[in-house]
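Structure, as structure tokens:
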Amino acid sequence: MTVSASPDVSGELPLKDALAFAERIRPSLIEEQASVEARTTYSPERHQEFRDAGLYKLLIPRLYGGYAYDMPSFLKVMGSIARGCMSTGWCLTLGASHALLVASLWPKEVQDEIFADGHVVIPSTARPGGPALRNDDRTWTLNTTHPYSSGSPYSTHYLGQAFEMGDDGKPRGQVFFIAPRDRYEILDDWGRTLGLKGSGSNTIVFRDARLPEGYVLEKTMQVDLKTSSTSPGFELHGNPMHLAPGQGFFGLDLATVFIGGAFGALDEYERLLHERKTAGDAGRAPAARLYDPDYQRWYGLASVRLNSAQAIVNDAAERWMEICARAASGGEPFTTKEDMMINMMCREATRLAWSTVEETIYRTAGSSASVNGERMERAYRDLSQAWGHVNMIIEDTMARAWSTLELGVS
């Protein structure tokens, strides 16, 4: 029986149906990995399938025809996609997730335009890409460049940072903007990295691009959002998720895709147990790995460690939801300290997953599993590429910042 991820008669997409869809297509995601890398993103046919299945709508508010999934549910679906193809999961997740930020921060009149047809794909990067100039006609002009814009090939909009320039030509602060697809160019410059070659992380460029005044939020940084007990999105949609800042949300996204990719490596390891033999050693001839005590132990340890990494992310997502609910009910707003802790928890989950793949799964899979084009070889490249992401590099800075807040020191 074919499992559909199409909305039911009520217009909803039950989580069980979305998860069943992700599991059903996993074999084809695995088969397409080489072509995804060659294309540097998933195919137009796969994009349409994701669109028909409603995966781009998971975090879009119901007001605009979306499904308004809670964070744990969204992450489960994206992690399941990444388990089949990490590049596809990375591209899809980072294209689909930023709808939450737009629905949280921009006023209704802008959201009405952005979500007009109920479909958006919005890549984003946090680093400012260049200057933004305010014009006399209530518009802004952008001349900016934004590399590593994962999810860009099928994007409908871009969400980015720029420097607001003063009359003296010097930066006055940062602005956060949302731009429609017809305002920017997508460079054909992705696919040269070691891994995640199919993640669609192209460079986006704005050349004398004009944006309406309402599309630009002044003195706003997505990695340093100052939350309160309200927001434009919370007032409009009544969803507590629109009261969250950005660091924890960002960490949840990345960790989910990473752990999904690690589970994909474990799936391949299990296949190798069934199909390959041990190397043999002095006094012992090669034998089926499946019945070898060492391989059984390695598989068990890898499984429990990846499940532990997943449990950390699951807990972090639940905490994220609980803090949002507290803020919505009149309690303390989502604090920077809490946001940092969730981000740091996700990083530790990623560390556990990476060490499991590097030290156990890849080390004992055998050199033949690392031949070009093998699933294990690709999994290792993708995971190593993600391990070098900037979110991993900032751990010391964030840990120090969190400690100063927790301990009350400067």
Side-chain angles (χ1 to χ4, degrees), residues 59 69-76 78-79 82 93-94 97-98 100-101 104-105 124-127 161 176 220-231 233-234 239-260 262 305-356 386-410:
L59 292 181
Y69 268 30
D70 61 25
M71 187 55 64
S73 298
F74 174 77
L75 298 177
K76 287 176 182 176
M78 295 298 133
T93 302
L94 295 180
S97 64
H98 295 113
L100 181 67
L101 287 178
S104 298
L105 299 175
S124 181
T125 53
R127 178 175 293 182
Q161 301 279 164
F176 195 23
T220 304
M221 297 172 59
Q222 61 173 302
V223 296
D224 190 29
L225 296 175
K226 305 303 182 185
T227 61
S228 67
S229 57
T230 190
S231 72
F234 181 65
N239 186 339
M241 291 170 62
H242 297 305
L243 295 174
Q247 289 279 21
F249 162 69
F250 186 51
L252 288 165
D253 263 6
L254 298 185
T256 292
V257 178
F258 194 102
I259 293 169
R305 288 167 182 166
L306 291 187
N307 275 282
S308 297
Q310 184 66 69
I312 293 172
V313 174
N314 292 347
D315 181 77
E318 292 292 347
R319 290 191 191 194
W320 190 90
M321 292 296 300
E322 290 169 3
I323 298 169
C324 289
R326 180 195 71 199
S329 64
E332 183 182 10
F334 208 128
T335 67
T336 298
K337 185 171 68 173
E338 290 168 326
D339 194 36
M340 286 182 175
M341 176 53 67
I342 288 174
N343 182 281
M344 291 191 294
M345 288 174 65
C346 291
R347 190 178 297 108
E348 290 308 305
T350 301
R351 186 189 308 280
L352 179 55
W354 170 243
S355 66
T356 300
W387 181 243
H389 191 277
V390 66
N391 190 55
M392 311 307 162
I393 298 172
I394 64 173
E395 66 173 350
D396 293 326
T397 302
M398 187 171 291
R400 288 195 298 270
W402 181 87
S403 293
T404 61
L405 293 172
E406 174 69 12
L407 300 173
V409 297
S410 58

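Along the sequence shown, residues carry numbers from 1. Note that these values count all heavy atoms, side chains included, but never hydrogens, waters or copies made by symmetry.
The shortest heavy-atom contact between Asn391 and Asn343 is OD1-ND2, 3.3 Å. When every heavy atom of Gln161 is checked against every heavy atom of Ala126, the shortest pair comes out as CG-O, 3.2 Å. For Ala386 against Met392, the heavy-atom pair with the smallest separation is O-CG, 3.9 Å. The shortest non-hydrogen separation linking Pro333 to Arg326 is O-NH2, 3.0 Å. Closest approach of Leu352 and Ala309 over heavy atoms only: CD2-N, 3.7 Å. Of all the heavy atoms in Ala255 and Val313, the pair that sits closest is CB-CG2, 3.8 Å.
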Yes or no on side-chain contact (heavy atoms from CB on, under 4.5 Å) for Arg347 and Ile394, after CA distance, side-chain angles and deciding distance? CA-CA 10 Å; Arg347 190 178 297 108; Ile394 64 173; 3.7 Å; yes
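Side-chain contact check for Ser97 and Asp253: at least one donor-acceptor pair (N or O, by modelled atom type) lies under 3.5 Å. For Asn314 and Gln310, the side-chain atoms include at least one donor-acceptor pair closer than 3.5 Å. The closest side-chain donor-acceptor pair between Thr335 and Glu338 falls under 3.5 angstrom. Between the side chains of Ser124 and Gln222, at least one donor N or O sits under 3.5 Å from an acceptor N or O.
Here the CZ-OG distance, from Phe234 to Ser229, works out to 8.0 Å after rounding to the nearest 0.5 Å. Rounding to the nearest 0.5 Å gives a distance of 9.0 Å between CZ of Phe249 and CG of Leu75. Between the CG atom in Leu243 and the CG atom in Leu225 there is a gap of 11.5 Å [rounded to 0.5 Å]. Remark: Glu406 CD to Met340 CE distance equals 12.0 Å, nearest 0.5 Å. Atom CE of Met241 is separated from atom CE of Met71 by 4.0 Å, given to the nearest 0.5 angstrom. Atom CD1 in Ile259 sits 15.5 Å away from atom CE in Met78 (nearest 0.5 Å).
A salt bridge is defined here as a Lys NZ or Arg NE, NH1 or NH2 lying under 4.0 Å from an Asp or Glu carboxylate O, and Arg319 with Glu322 fails to meet this definition. Under the 4.0 Å criterion applied to side-chain N and carboxylate O atoms, Lys337 and Asp339 are not assigned as salt-bridge partners.
With contacts defined as side-chain heavy-atom distances shorter than 4.5 Å, the pair Leu254/Thr350 does not qualify. Residues Val223 and Phe250 have side chains not in contact (no heavy-atom distance under 4.5 Å, counting atoms from C-beta outward).
Using a distance-only test at 3.5 Å, with no hydrogens or angles considered, no donor-acceptor pair links the side chain of Asn239 to the main chain of His242.
Relative orientation of the Trp387 and Trp354 rings is parallel, given thresholds of 30° and 60° on the angle between their planes.
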